[in-house]
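We're numbering straight along the sequence, starting at 1. All values derive from a computational prediction rather than experimental measurement.
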Amino acid sequence: MKYIHMLMYVLTFSFAPITLATTDPMHDNKPPLPQAASEALINSISAFPHFTKEEVKASTPGTNEAWRNYVHARNSEQKKKIKKMKKALNVDIELMNLIDVVVRKLTPKAITPEFKDKVYLDIHGGAFVLFGGLPSIEEGLLVAERLGIVVYSVDYRMPPTFPFPAALNDVVAVYNALLDQAGEGNIFVGGTSAGGGLVLSLVQSLIKSETPLPNAVYAGTPWADLTKTSDSLYTNEGIDNVLVTYDGQLEAAAKLYAGKKALTDPAISPLYGSFEHFPPTCLVTGTRDLFLSDTVRVNRAIRDSGGVTQLEVFEGLSHAEYLIFYKTPESETTYQLMKSFFLSYL
């Protein structure tokens with residue numbers, strides 16, 4: 001029961017505690033609201049709970065069974081949000097199986113003419129442990145609707161049952177299946193948070209195997225270094241009202257995902273891998289994002305390797321709030337920028 005209470009507040013990437021504590025989550029020591037953000041974002045942040053580092057650490061599941069219960073509770077609550085999004089967006093959903101991997105094909109009612117015969121591979125976030133099943137299509141729904149492109153959302157395997165390399169293997173398998181189906185030059189790939197990290201790992205794997213690459217890549221606030229190294233893990237601790245802190249749930253999720261591998265293994269943390277020959281990449285983050293530095297480091301690694309990037313940093317945005325608060329101008333702008341970026345690399 002201790003992981004179920006307060007789920008009404010935590011609908012997506014947030015690692016706020018899910019406990020039976022009676023403490024009011026709206027603490028007096030909340031960071032000040034970002035005054036230069038949009039009114040819609042300010043209002044959304046104001047209504048979102050703020051939790052302390054100590055509360056987040058205390059809520060971390062301690063066993064595989066506790067993790068499974070936690071994941072089940074979080075995913076069950078997230079389904080409610082996805083069902084509301086399905087009603088609001090003009091997207092058809094088809095459940096399918098590609099190379100023994102569960103995939104959901106998302107087809108918008110209106111397809112952008114330039115994206116006819118193009119497809120987008122969507123890799124969901126959730127710290128590598130959350131949002132399997134129906135919740136896996138959250139960002140895919142927005143990409144399909146706002147870009148006007150057919151999306152394939154991968155429901156990849158996750159720990160504690162399936163640690164690395166299960167997720168990466170699933171994503172690579174689906175990409176290769178889409179490559180056979182759509183053809184070279186017709187694929188875009190993208191994801192947010194852990195999904196953004198998996199996108200980077202996918203592309204590095206494709207480069208090593210000399211597989212034809214996607215036209216362009218979107219990596220939204222990618223979790224690209226699973227160690228506690230990036231500067232913003234310290235500077236934005238307690239300021240990011242979504243992730244709050246690396247300590248506790250994030251660190252535990254990283255170790256669950258890595259399994260017997262080191263967190264610095266390039267296939268686990270792509271920032272320790274090579275970015276040579278990387279396709280054009282659009283990166284999105286915010287000034288309050290705990291993964292701001294991960295995003296900046298990826299941008300620099302690609303640029304230093306001779307690649308092309310477009311880095312977008314939103315004022316006052318915590319981790320993935322362009323997705324969590326998808327009715328804000330910041331969210332609309334994120335996917336408009338992604339669309340323009342993709343169109344320029346057809």
Check the pair D92 / K109 against salt bridge (charged side-chain N to carboxylate O under 4.0 Å, His left out), numbers first and verdict last.
-> CA-CA 7 Å; D92 292 328; K109 300 294 185 184; 2.9 Å; yes
Which one of K57, R288, K53 satisfies the salt bridge (Lys or Arg N to Asp or Glu O under 4.0 Å) criterion with E237?
-> K53
Any chance you could lay out the salt bridge (charged side-chain N to carboxylate O under 4.0 Å, His left out) test for R157 and D170, step after step, and finish with the verdict?
-> CA-CA 7 Å; R157 291 170 294 167; D170 287 352; 2.9 Å; yes
Plane angle bin for F291 and W223 - parallel if under 30°, tilted between 30 and 60°, otherwise perpendicular | parallel
Any side-chain donor near an acceptor of the partner, S209 and T211, under 3.5 Å = yes
Should the pair K228-D247 be classified as a salt bridge under the 4.0 Å nitrogen-to-oxygen rule?
-> yes
S59 and Q249: side-chain donor and acceptor closer than 3.5 Å?
-> yes
Looking at residues at least two apart in the chain, or sitting in another chain, which of them share a side chain to side chain contact (heavy atoms under 4.5 Å, CB included) with E332?
-> R146, Q336
Test item: W67 and P159 side chains (from C-beta on) under 4.5 Å apart, heavy atoms | no
Taking only residues two or more places apart in sequence, or in another chain, which ones meet P329 in a side chain to side chain contact (heavy atoms under 4.5 Å, CB included)?
-> S38, A40
Should K80 and E77 count as an ion pair when the cut-off is N to O under 4.0 Å?
-> yes
Pairs where residues 138-158 contributes a residue and the test ring-ring contact (aromatic ring centres under 6.0 Å, His included) is met, not counting sequence neighbours | H124-Y156
Take Y218 and Y120 through the test ring pair (Phe, Tyr, Trp, His ring centres under 6.0 Å) and record every step on the way to the result.
-> CA-CA 10 Å; Y218 154 69; Y120 175 92; 7.1 Å; no
